[in-house]
A.B. asks: 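Can you keep this structure in mind? I'll have questions shortly.
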Amino acid sequence: MSLARKIGGYSVSNVFLQLMSVITAFLRPKLLTPAQFGLWNLFNVIPMYATYLHFGTRDIVRYQIPTFEAHGNKDKAREAIGTLYFGSLAINLALSLILLLASVLWADSLVERIGLLAFAGIVIANWYFEYNLALLKAYQQFSILSRINYLRPVLVFFLTVTLAGTFALYGLYAATLGVMLILIFFVRHAVGSWPRGAFSWSMYVEMVKKGFPITLFGLAIAMLITMGRFFIAGYLGDVQLGYYGLSTMAFTGLMRIPGAAREVIEPLFMTDTAKSANQERRLKSIESFFLRPLLTTAATMPFLLAGVLYIFPTFVHFALPRYEPGVLATLWAVPGIYFLSLSFVFRGLLVALDLQARILWTLLLPIILNALLMWVAMNPAGLGYGIEAASIATSISQLVLLLGLIRFTSRHIAVKPASWNAIYKEIIIIPLLLGLTYTILYFSISHLPILVYNAIGFILFCIVTAIVYISAANHGRYLGLPHPLTRWMRKTDGKH
């Protein structure tokens, strides 16, 4: 099978993974009480942050190993594998030990103690699984990666239904750890052990220098996404955190789409930029791999967000009535989802043009602002607002992040494509138009029964979104953005 077909199969399996993950995400709150779901969302932050403890070495090794292998330097490739293995293992073991100590010294209840013990194991299992994934990608083992993408969500769904359905939160702990162990067994059976060399401190330092700035972008976004959970857990408790978990669920589900697209686009962008010998080719690369995905995301994400705005509340009302107090917080999270989906596209540009090390202050500002807004709004000694304040603060901070990225790239990229300013103007106008549309619809028809309001609102919002997309596609046609009226215009061309 050719490499192109393998990559195509991997992309299809990725779609299956995302769809099944969304389905399973809706099952968890159905099987747990709000308090249990809140505690699960808090514990689930642990592996999310642990995945960044490789400090960029896992990102870099995916590019180093093919280079070493291409030059016949197999010893260097083995050394890179050993350095990645031992360097990331040491830090994850330290975190796992901290969780074990916390389960003994700080846990207030049995469910918390068991959770900390379970996640101490999950951290190590997840580390080893992600280590293998990085090497599978480095050696372009896309057929195995595709099988993992089919196997993983099926396992998660089956074990979640059986174990969490029977043992609630304890079952979910067991299901999460069980999935990782089964996947590790599958990978070891499929590829055996990797040709691992000794740890090299000098290579590790070099890998961190190159890779950490790339990882920093993802870590900053993770902090923006998860910060609300810490404030709600501290000020409002597990039940309110469970309600807030609805917005987290919607957020995570929708962000899988631009995340999956980024995984495909970024390597192509970096490869094309590296081959660009002249300025014209470089500008064309920026248009193809940055401006076009940016405009496409800006014009298409609103169709998905319409589902959160109008279908999701109805779904919760009938399927998850215990979680209805979390619906408003989810609606306030929608602007942040939109802004962050656009920010995702910028990482490829920053890495391809080697600007990632200079972006630190642009990333820090929204994180600090988010923490400050939540502290002022949710502190009982301050305003004392509820979970909606966390969603509003996060959406504001994600807007600041997007504006910061726009400003940074405009200032630090000296020569830009001719379409640059026009595309940036589009991504600012689109959310303003759609925000105004939602506001008008809300004040016009929200007095109607919930089903009627959501049905009419969804149809009208999608009509406006389609008009906005057609306008954006018309302006972005020179970027190759698909135009829904192209076929009709070709048929009618020349008839007048």
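Index from 1, following the sequence.
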A.B. asks: Please check: side-chain N/O of Thr166 versus main-chain N/O of Leu163, any donor-acceptor pairing under 3.5 Å?
C.D. replies: no
A.B. asks: Tell me if a side-chain donor or acceptor on Ser341 pairs with a main-chain N or O of Tyr338 at a distance below 3.5 Å.
C.D. replies: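 Yes; judged by distance alone, with no hydrogens or angles, the pair exists.
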A.B. asks: Is there a donor-acceptor pair closer than 3.5 Å between any side-chain N or O of Thr394 and the backbone N or O of Ile225?
C.D. replies: no
A.B. asks: If you define the side chain from C-beta out and look only at heavy atoms, does anything of Arg196 sit under 4.5 Å from Phe86?
C.D. replies: yes
A.B. asks: Give a yes or no on this: more than 12 heavy atoms of other residues, nucleotides or ligands lie within 6.0 Å of atom CH2 of Trp194.
C.D. replies: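 Check passes, neighbour count above 12.
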A.B. asks: Is Thr83 reaching over with its side chain to a backbone N or O of Ser200, donor-acceptor style, under 3.5 angstrom?
C.D. replies: yes
A.B. asks: Is there a donor in the side chain of Tyr244 and an acceptor in the side chain of Ser391, or the other way round, less than 3.5 Å apart?
C.D. replies: no
A.B. asks: Classify the ring geometry of Tyr424 against Phe290: parallel below 30°, tilted from 30° to 60°, perpendicular beyond 60°.
C.D. replies: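 Answer is perpendicular, since the angle exceeds 60°.
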A.B. asks: Could you tell me how the ring of Phe199 sits relative to the ring of Tyr204: parallel (under 30°), tilted (30 to 60°) or perpendicular (over 60°)?
C.D. replies: tilted
A.B. asks: With a 4.5 Å heavy-atom cut-off, do Leu135 and Ile81 have their side chains touching?
C.D. replies: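 Touching, per the 4.5 Å side-chain cut-off.
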A.B. asks: Would you say the side chain of Thr248 lies within less than 4.5 Å of the side chain of Asn44, judging by non-hydrogen atoms?
C.D. replies: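 The answer is no; the side chains never approach within 4.5 Å.
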A.B. asks: With heavy-atom distances below 4.5 Å as the criterion, would you say the side chains of Leu246 and Phe312 are in contact?
C.D. replies: yes
A.B. asks: Can a donor-acceptor pair be found, under 3.5 Å and without considering hydrogens, that links the side chain of Lys416 to the backbone of Ser410?
C.D. replies: yes
A.B. asks: With side chains defined as the heavy atoms from C-beta onward, is the minimum distance between Leu39 and Leu241 less than 4.5 Å?
C.D. replies: no
A.B. asks: Hey, does Tyr49 have a side-chain heavy atom less than 4.5 Å from the side chain of Val45?
C.D. replies: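 Val45 reaches Tyr49 side chain to side chain.
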A.B. asks: Sub-3.5 Å donor-acceptor pair from the side chain of Asn370 to the main-chain atoms of Pro366, do we have one?
C.D. replies: no
A.B. asks: For a 4.5 angstrom cut-off between non-hydrogen side-chain atoms, does Leu350 reach Leu405?
C.D. replies: yes
A.B. asks: Backbone N or O of Thr51 within a donor-acceptor pair of the Arg58 side chain at under 3.5 Å?
C.D. replies: yes
A.B. asks: Quick one, Trp127 with Ser88, criterion side-chain hydrogen bond (donor to acceptor under 3.5 Å, both in side chains). Give me CA distance, side-chain angles, the key distance, then yes/no.
C.D. replies: CA-CA 8 Å; Trp127 156 77; Ser88 55; 2.8 Å; yes
A.B. asks: What class does the angle between the rings of Tyr170 and Tyr173 fall in, given that below 30° is parallel, 30 to 60° is tilted and above 60° is perpendicular?
C.D. replies: perpendicular
A.B. asks: Check Asn92, Leu89, Thr215, Val123 against Leu53 for a side-chain contact (heavy atoms from CB on, under 4.5 Å) and give me the one that passes.
C.D. replies: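 It is Asn92; the other options fail the test.
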A.B. asks: Please check if the side chain of Thr296 supplies one atom and the backbone of Arg292 the other of a donor-acceptor pair under 3.5 Å.
C.D. replies: yes
A.B. asks: Looking at Tyr150, I'd like to know if its OH atom is crowded, meaning that more than 12 non-hydrogen atoms belonging to other residues, nucleotides or ligands lie closer than 6.0 Å.
C.D. replies: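 Check passes, neighbour count above 12.
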A.B. asks: Going through the checks in order, is the side-chain hydrogen bond (donor to acceptor under 3.5 Å, both in side chains) test met by Ser21 and Arg152?
C.D. replies: CA-CA 9 Å; Ser21 299; Arg152 184 177 187 176; over 6 Å; no
A.B. asks: Can you confirm whether Phe230 sits close enough to Tyr235 that some side-chain heavy atom of one is under 4.5 Å from a side-chain heavy atom of the other?
C.D. replies: no
A.B. asks: Without swapping roles, check the side chain of Arg347 against the backbone of Phe217 for a donor-acceptor pair under 3.5 Å.
C.D. replies: no
A.B. asks: Could you tell me whether the side chains of Arg407 and Thr362 share a donor-acceptor contact shorter than 3.5 Å?
C.D. replies: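 Their side chains do not contain a donor-acceptor pair, so the 3.5 Å distance test is not met.
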A.B. asks: With distance as the sole test, does Glu130 use its side chain to make a donor-acceptor pair with the main-chain N or O of Asn126 at under 3.5 Å?
C.D. replies: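 No: the side chain of Glu130 does not pair with the backbone of Asn126.
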